Amino acid sequence: MKSINFYTGVSEIKKIVIIISVVLLLAGLFFLGSYLKKQYTLQQIQEAPQQEEATTENEKEENNENQTEKEEENKDDSFKDYLNDKAEKFMNRFFTKRMNVVAIGDSLTEGVGDEENNGYVGILDSSINHDKDLLEFENFGKKGNRTDQLLLRLEDEEDIEDSIDDADIILITIGANDIMQVFKNNITDLTLDKFSDETIAYEERLNDIFDTIEEYNKKADVYLIGFYNPFTNHFDDIEELETIVNEWNDIGEETVEERPHGHYIPVKDIFDDTEDDYMSDDNFHPNHEGYQLMAERVLEHITNDEEAVANQDEKESS
């Protein structure tokens with residue numbers, strides 16, 4: 001009878017156990033992989049709507065931004081069309097010959113703050129001359145000019161004198177920097193008394209400016225454009241500044257009313273008590289839209305004055 005080796009039998013059992021363990025391990029890994037894959041797929045399915053929703057929100061924001069830009073462009077184009085139409089009617093009715101317009105003064109005449117670098121003078125030029133060369137505009141605006149500095153330029157710069165001599169219409173913005181000089185020099189102790197002497201000097205210099213213009217040209221219509229309080233939204237508690245702006249605007253209006261060809265154009269109301277933002281990034285000068293409204297106001301006053309003259313001529317001739 002053949003004997004069985006005990007150790008050999010144990011070895012065989014170990015092999016069987018190892019094989020079974022390996023099989024079970026592989027099977028476990030297989031099922032674990034399938035489970036994890038299933039869970040990942042479910043997670044992707046759950047997150048998909050959130051991703052889609054987020055994408056939709058981004059698209060909505062982009063659409064809203066595009067819509068806002070289109071509305072701003074349409075608004076700007078609409079205003080340009082309106083101004084062009086008004087200017088064309090104005091020119092066809094009152095002007096039958098080429099005329100010269102000279103603009104002198106400070107940064108408001110230069111057009112500082114206008115992102116399109118036009119200012120109210122440039123806007124008038126492009127609106128009136130958009131398809132016809134009807135008016136010739138010359139712009140001598142200079143940032144920072146006060147009344148004393150403008151007076152020196154009128155006396156010393158021959159090109160300004162020559163242009164005024166040939167002008168049919170003269171546009172002026174001046175005075176805001178005179179106020180700002182007093183404001184800056186007395187910002188820690190600003191009272192109405194600080195402006196007393198300067199107010200008298202401002203009126204004298206303004207009259208000197210008109211006297212000088214009339215020496216060069218006695219027939220041109222001269223339009224003094226008023227100024228606004230640029231700090232209304234930032235220093236509304238400084239009542240003195242608001243009072244001075246109003247008082248100096250009144251002085252300007254009274255000064256031009258004494259002149260045979262003087263006219264005053266107020267613009268302060270355009271920038272006061274409005275929810276719209278008509279100021280540039282420097283919070284001192286108008287932006288393009290603000291200058292557009294100034295151009296409209298200037299054109300409106302010139303039109304009304306020309307219409308009044310035309311009506312008067314008709315009465316005198318009838």
Side-chain angles (χ1 to χ4, degrees), residues 103-113 119-120 140-155 170-214 222-259 262-274 278-280 282-286 290-291 293-294 297-298 301:
I104 59 176
D106 51 29
S107 56
L108 293 181
T109 294
E110 184 179 345
V112 175
Y120 86 90
F140 294 99
K142 187 174 183 180
K143 181 179 179 180
N145 260 190
R146 301 183 306 270
T147 49
D148 57 326
Q149 294 170 321
L150 177 59
L151 190 57
L152 288 174
R153 293 180 66 205
L154 289 172
E155 295 171 348
I170 300 170
L171 304 173
I172 309 174
T173 62
I174 200 68
N177 290 307
D178 297 65
I179 292 179
M180 291 312 302
Q181 185 177 40
V182 179
F183 177 74
K184 291 176 182 177
N185 292 341
N186 301 277
I187 192 170
T188 59
D189 184 28
L190 192 66
T191 62
L192 291 177
D193 292 339
K194 304 293 184 183
F195 287 93
S196 297
D197 293 339
E198 187 59 29
T199 299
I200 297 172
Y202 167 71
E203 185 172 4
E204 292 176 350
R205 290 193 297 266
L206 194 60
N207 276 291
D208 289 342
I209 288 172
F210 273 83
D211 288 341
T212 304
I213 291 174
E214 289 173 1
V222 184
Y223 289 85
L224 176 65
I225 301 171
F227 40 85
Y228 54 89
N229 182 358
F231 299 119
T232 299
N233 297 329
H234 302 282
F235 298 98
D236 56 354
D237 57 325
I238 304 180
E239 297 179 0
E240 291 81 3
L241 191 57
E242 182 73 7
T243 300
I244 290 300
V245 169
N246 290 331
E247 183 179 346
W248 285 30
N249 272 330
D250 290 341
I251 290 173
E253 186 173 7
E254 291 168 2
T255 299
V256 299
E257 285 178 351
E258 297 172 355
R259 305 287 168 165
H263 310 272
Y264 179 76
I265 303 177
V267 297
K268 186 173 182 291
D269 61 293
I270 293 175
F271 302 93
D272 284 352
D273 302 324
T274 176
Y278 296 138
M279 303 302 291
S280 64
D282 64 10
N283 293 313
F284 188 85
H285 298 93
Y291 277 117
L293 294 174
M294 286 182 62
R297 179 66 60 82
V298 170
H301 275 257

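Quick note: residue numbers are just sequence positions, from 1. Predicted model, so just to flag it, every value in this text is computed and none were measured.
- Pairing each heavy atom of Gly113 with each of Ser280, the nearest pair is O-CB, 3.4 Å.
- Here Glu198 pairs with Arg205 under the side-chain hydrogen bond (donor to acceptor under 3.5 Å, both in side chains) rule; sequence neighbours left out.
- Rounded to the nearest 0.5 Å, atoms CG (Leu171) and CD1 (Ile265) are 6.5 Å apart.
- Residues Glu110 and His285 are not in side-chain contact: their nearest non-hydrogen atoms beyond the backbone lie 4.5 Å or more apart.
- The ring pair (Phe, Tyr, Trp, His ring centres under 6.0 Å) test applied to His263 returns Tyr223, not counting sequence neighbours.
- Atom CG of Leu150 is separated from atom CD1 of Ile174 by 4.5 Å, given to the nearest 0.5 angstrom.
- Here the side chains of Val245 and Phe227 are in contact, with some heavy-atom distance below 4.5 Å.
- Using a 4.5 Å heavy-atom cutoff, the side chains of Leu293 and Val267 are not in contact.
- Asp106 meets the side-chain hydrogen bond (donor to acceptor under 3.5 Å, both in side chains) test with Thr173; sequence neighbours excluded.
- For the pair Tyr264/Ile225, no side-chain contact is recorded, criterion being any heavy-atom separation below 4.5 Å from C-beta on.
- Exactly one of Leu224, Leu206, Ile209 qualifies for a side-chain contact (heavy atoms from CB on, under 4.5 Å) with Thr255. That residue is Leu206.
- Looking only at side-chain heavy atoms (C-beta outward), Asp148 and Gln181 stay at 4.5 Å or farther from each other.
- Annotation: side chain of Pro286 is not in contact with side chain of Tyr278 (no heavy-atom distance under 4.5 Å).
- Distance check, rounded to the nearest 0.5 Å: CG of Asn177 to CG of Leu108 gives 8.0 Å.
- Nearest heavy atoms, Tyr291 versus Gly111: OH-C, 3.5 Å.
- Using bins of under 30°, 30° to 60° and over 60° for the plane-to-plane angle, the ring pair Trp248/Tyr202 lands in the parallel bin.
- Among residues two or more places apart in sequence or in another chain, the salt bridge (Lys or Arg N to Asp or Glu O under 4.0 Å) test is passed with Asp211 by Arg259.
- In this structure, the salt bridge (Lys or Arg N to Asp or Glu O under 4.0 Å) partners of Lys194, at least two apart in sequence or on a different chain, are Asp189.
- Not counting sequence neighbours, the partners of Tyr228 by the ring pair (Phe, Tyr, Trp, His ring centres under 6.0 Å) test are Phe271.
- Across every non-hydrogen atom of Arg153 and Gly105, the tightest pair is NH1-O, 3.9 Å.
- Nearest heavy-atom pair, Gly144 versus Gln149, reported as atom, atom and distance to 0.1 Å: O-OE1, 3.1 Å.
- The two residues Glu242 and Asn229 come nearest to each other via the heavy atoms OE1-ND2, 2.9 Å.
- By the 4.5 Å heavy-atom criterion applied to side chains, Ile244 and Glu247 are counted as neighbours.
- In this structure, Asn207 CG and Ile251 CD1 are separated by 10.0 Å, a value rounded to the nearest 0.5 Å.
- Atom CZ in Phe210 sits 4.5 Å away from atom CD1 in Ile172 (nearest 0.5 Å).
- The shortest side-chain heavy-atom distance between Ile213 and Ile104 falls under the 4.5 Å cut-off.
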